[in-house]
Every structure is written in C-alpha cells, then in structure tokens.
Amino acid sequence: MDEEYDVIVLGTGLKECILSGLLSVDRLKVLHMDRNDYYGGESASLNLNQLWEKFRGSSKPPPELGSSRDYNVDMVPKFMMANGALVRVLIHTDVTKYLYFKAVDGSYVYNKGKIHKVPATDIEALKSPLMGLFEKRRARKFFIYVQNYEDDDLKTHEGLDLTRATSKELFEKFGLDDNTIDFIGHALALHRDDRYLNEPALETLRKVKLYSESLARFQSGSPYIYPLYGLGELPQAFARLSAVYGGTYMLSKPDCILEFDEEGKVRGVTSEGETARAKKVVCDPSYVRNKVKKVGKVVRAICIMSHPIPNTNDSQSVQIILPQKQLGRKSDMYVFCCSYSHNVAPKGKYIAFVSTEAETDMPEAELEPGLSLLGPVEETFFDVYDRYEPVNDPSLDNVFISKASFCFCYLLDVLDNLTALFYLLIQVVVEPVRVMTQPHILKQLSKMYWLCTLALRASCWISA
C-alpha cells in the first residue's frame, strides 16, 4: 500500500467501481479501498445473516426463512432500462461477460387506490382500465405521435418545437386529462415530481419512447431488466475488470483519511498507519463529510414475504410506481419486488422494497401507502439515510466525490452522476503528459464520455 498510484478510489459502490474499472483498462495505476469486508458499498447485496446483523444486531434469522446464502438483498435496489444507456455502457466495457440479466415481469402504476398495468403503446392504451373510451383515443394518438417522432424529420413534429414547448403544452395538444398525464409523466417518463411539466417536452417524449423501446426489446411485461443475484453483481463485475487490468483492491480498510499538502491538494490516503500516495482521489460522500452537504433523506422498507404482490398477475418480479398526486405528496413512492426468479431469495420467498424521499419527521409512517399493497409480510426492516452531494471544487483539491443515490428504483441517477464524473476525469485525472504520450487514454475516456452523453440524450437518461 505504501507506494505511488495514479488514482485512489475509496468505496466500492457502483459508480466508484465503474470508474476504477475504466481507469485500470486505460493503464492507470489504481488502488481501490473500502472500509467494508464486501463489495458494493451502498449498492451491496447482503445475504440473510448480513441483513440481520445490519438491522437486528446479534440476533439470528429464524430458520423458516431458509438458507442465508440463498438471499441477495439489495440495499439500493434499482432496475435497468432494457434499451437504456447503462446497458450500452456495459456492452462497451465488455463487463457483460461477468453478468447475467433477466427481464422483469411487470410494470404497474397506482391510481385511485388500485394498481394497474402501465400502458406504453397505442394498443395497450386501448385496453387499459386507467382511461375511459374517449380518453383512450386521445392517448392512442399521443403514443402514435411519440413512436413516429424523429428529431431530423420535421413532418413528425406536427408543428411543435419540443425544445421550447413544455410538457404541459404537449399534453394539452392531445387533450389528455390529469390522470393520463400523471401515469405518462411518472410511470412512463419516470419523472420524480411534476417540475417536468414546465420544462421542454423533448426530454419527456424521449423518455416515453425509451420506455416503449425497452418494452419491445425483450417483449416481456416490463421495460426493465435486473441482474441475477442482485444489483451487487454490477460493482463486483467492474471490480473484476479493474483487477484484470492491474487494479489493486483492499477491503476492510478502516479509517481511510485523506492527506492534503500545503496548497490544499490531496496527496494520498492513510489507513492503519500506512499512506498510499496519489494526486487524485475518487470517493463516495461517506469518506469526506467535510466536503459534502445534505440534500435530502431516503426512507426504505425491506420486506420478506412468501407470496407475490397481490393484483400483479402473480409476477415474480415487478415495479409499482405511486405518483405523488395519488398520495398527496411532493415526490413519488416506489415498490420493487423480486424473488427466486432472479436468484435473490429461496424458492417461495419474495423480497419487496418500498422507497420514497422522506418529507416529514416520521419517515417510516410515510411508507404506509406502499406497504399496504404488499399483503402479509413475514419480516420488515426500515432503513433511513441522508443523501449528500459534493460542495468542493475538484479542480482545486483533486477530490472527486460521487453523489448518493435517489430513492427511485431505476438507475437513471447513477449514469448521470457517472457522466459528470467522467467529464472531470477527462479534464483533470488523466495528466496532460500522459495524454500526449499515450493518446489512446484520452481517446478511450472521451469515447466513454461521448457514449454516456449521447445515450443520455438519445435515450433520455441521467443516476441514482
């Protein structure tokens, strides 16, 4: 450990592991450390014993829940869009050889006290009980417009400039009512709140189109895919990628303290009396509390059940979105369920998560609308944690800090934050001399940044 590195990465969360893997591939000398004895950080998947230790202390899980090793319970569960940008990133980096994915069975939305299948095409809109006969016709016209829309074909724009027209104006053109707007904006475009209504409509249209394209990719009941054995497989896959290309990993490294020179620039990290030297450090907010600010709080319930969620057609994996207006809240609530079909629980057991952004001093009580949809629950664990964002200037201290994930159950926030970090890495982490002598480094990183950014714009993503 007591040597010089190009970059030190602290924390083995998804964003940190992706960056570590890519930097190692580009022949940078990377040291990656974590205070935990497992990979994943906030994105880790825990077995049953680890879950019990985290939330119940020294007590042991009851034997009727089955073997501990059959559980892979995500601490931050998130689906991926089947045709989204992160899938392209995985393919580009060849990490898919370490991972196996499976389609998610169902996508539902909560409306007027009931849950309904989310319609994403003109044909599904005609069959949906969410709308009356005349509203179905209007929704069908909207979906046809979305499917036919092409950026470079003005005929498909029908006189609208979606870079200027707001989402609200787009919906008004088709005469859609508030309920239809609600599920399109929150269950298809996956907006977290209603601020999007007053923003340019192009992003919303692209997000709806991405939902439809992802749904068609595997022709399953939802547009989402999910890794077998849980989301914790993703950071581990990028850790393997880094190790293959010479990255050094050290787990169970407590008290990682950043060391700075007289100019305030980072010069290394000290742990257990040893100092690893580096001029650049990438880390999650938990390692630099003095360089981040609190921006919110997430509350999540983790539930173990012996049945699928009622009224979801016995789906073995499913997402349910509860839009804010349906609950009288400022932000949406998300219900996520997976089971042995994705190798995250023993056969006959289901893991359900209910998550939202905390808005009161009683965050656990806020989850009641989502918990009431689950039916009988055998065990429930509540997790409440703060979200932090960096306040430092990386160009001054060379410390690159990722953002904590949002509560929503898809990986939009992860890729958004990753793209921003890549922009900084391209400019700062790769030293000018090395770029001049080894231009493939900048070319590869620039290609990765371009890929992320292009996919963001083309597929309407961000991270989370």
Side-chain angles (χ1 to χ4, degrees), residues 1 3-24 28-44 75-76 232 234-236 238-239 241-243 247-261 264-272 274-295 385-406 413-430 445 463-464:
M1 176 176 169
E3 55 184 290
E4 185 86 24
Y5 296 87
D6 293 312
V7 183
I8 296 175
V9 181
L10 301 179
T12 53
L14 178 56
K15 286 168 275 193
E16 291 76 28
C17 283
I18 291 176
L19 292 173
S20 176
L22 292 170
L23 292 170
S24 296
L28 293 174
K29 188 176 180 180
V30 177
L31 171 63
H32 201 151
M33 297 191 291
D34 196 310
R35 63 171 66 92
N36 299 311
D37 60 356
Y38 53 83
Y39 291 96
E42 67 170 17
S43 304
M75 292 297 96
V76 183
L234 273 176
Q236 289 193 60
F238 278 98
L241 179 69
S242 176
T248 301
Y249 275 78
M250 296 182 181
L251 301 181
S252 301
K253 298 296 289 184
D255 303 323
C256 293
I257 301 172
L258 275 66
E259 306 287 351
F260 296 86
D261 61 21
K265 294 184 180 292
V266 72
R267 62 180 181 85
V269 176
T270 298
S271 177
E272 298 180 314
E274 294 183 292
T275 299
R277 301 180 301 280
K279 295 180 180 179
K280 313 290 183 296
V281 171
V282 177
C283 63
D284 69 51
S286 68
Y287 287 90
V288 282
R289 292 298 191 192
N290 62 326
K291 293 180 179 289
V292 297
K293 66 176 180 180
K294 179 182 173 181
V295 293
Y385 61 89
D386 295 327
R387 286 195 301 109
Y388 293 92
E389 291 186 357
V391 295
N392 69 315
D393 184 346
S395 66
L396 298 179
D397 59 13
N398 289 336
V399 178
F400 302 84
I401 308 169
S402 62
K403 297 179 181 179
S405 296
F406 286 95
D413 59 325
V414 171
L415 194 57
D416 187 35
N417 188 206
L418 182 62
T419 303
L421 284 172
F422 251 99
Y423 179 74
L424 293 172
L425 286 167
I426 290 169
Q427 297 184 94
V428 183
V429 171
V430 182
L445 286 175
S463 75

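This chain uses plain numbering: 1 for the first residue, then up along the sequence.
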task = Check for a donor-acceptor pair, side chain of Lys265 on one end and backbone N or O of Leu396 on the other, with a separation under 3.5 Å.
result = yes
task = Let me know which of Cys283, Ser252, Cys256 forms a side chain to side chain contact (heavy atoms under 4.5 Å, CB included) with Met33.
result = Cys256
note = In terms of heavy-atom contacts, Lys403 and Pro390 come closest through CG-CD, 3.9 Å
message = Taking side chain to side chain donor-acceptor pair (under 3.5 Å) as the definition, give me every residue that meets it alongside Ser242, ordered by chain and number, with sequence neighbours left out.
response = Ser20, Ser24
query = Knowing that exactly one of Val30, Leu31, Leu28 qualifies, which makes a side chain to side chain contact (heavy atoms under 4.5 Å, CB included) with Asp6?
reply = Leu28
task = Could you list the residues that satisfy side chain to side chain donor-acceptor pair (under 3.5 Å) with Asn392, not counting sequence neighbours?
result = Asp397
Contacts of Asp393 that satisfy side chain to side chain donor-acceptor pair (under 3.5 Å) - sequence neighbours left out = Ser395
Sub-4.5 Å side-chain heavy-atom contact between Val288 and Leu258 = yes
ask   = Atom CZ of Arg277 and atom OG1 of Thr275: how far apart are they, to the nearest 0.5 Å?
value = 8.5 Å
ask   = Between the side chain of Thr12 and the main-chain N/O of Gly40, is any donor-acceptor distance below 3.5 Å?
value = yes
request  = Tell me, please, which residues at least two apart from Thr248 pass side chain to side chain donor-acceptor pair (under 3.5 Å).
outcome  = none
note = Smallest heavy-atom separation, Ile8 atom then Ala276 atom, equals CD1-O, 3.4 Å
inquiry  = On a heavy-atom basis, which atom in Val266 and which in Asn398 lie closest, and how many Å separate them?
reply    = CG1-O, 3.6 Å
ask   = Met75 and Glu42: side-chain contact (heavy atoms from CB on, under 4.5 Å), yes or no, with the steps?
value = CA-CA 6 Å; Met75 292 297 96; Glu42 67 170 17; over 6 Å; no
Residues forming a ring-ring contact (aromatic ring centres under 6.0 Å, His included) with Tyr249, sequence neighbours excluded = His32, Tyr39
message = Would Phe260 and Val399 count as a side-chain contact (heavy atoms from CB on, under 4.5 Å) here? Give the steps.
response = CA-CA 10 Å; Phe260 296 86; Val399 178; 3.9 Å; yes
ask   = Can you name the side-chain contact (heavy atoms from CB on, under 4.5 Å) partners of Val295, sequence neighbours left out?
value = Lys293, Arg387, Glu389
key: Asp34 side-chain N/O to Asn36 backbone N/O, donor-acceptor pair under 3.5 Å   = yes
ask   = How about Ser271 and Met250: do any of their side-chain heavy atoms sit closer than 4.5 Å?
value = no
message = Working to the nearest 0.5 angstrom, can you tell me the gap between Asp284 CG and Leu14 CG?
response = 12.0 Å
query = Closest heavy-atom contact between Pro285 and Val292?
reply = CB-CG1, 3.9 Å
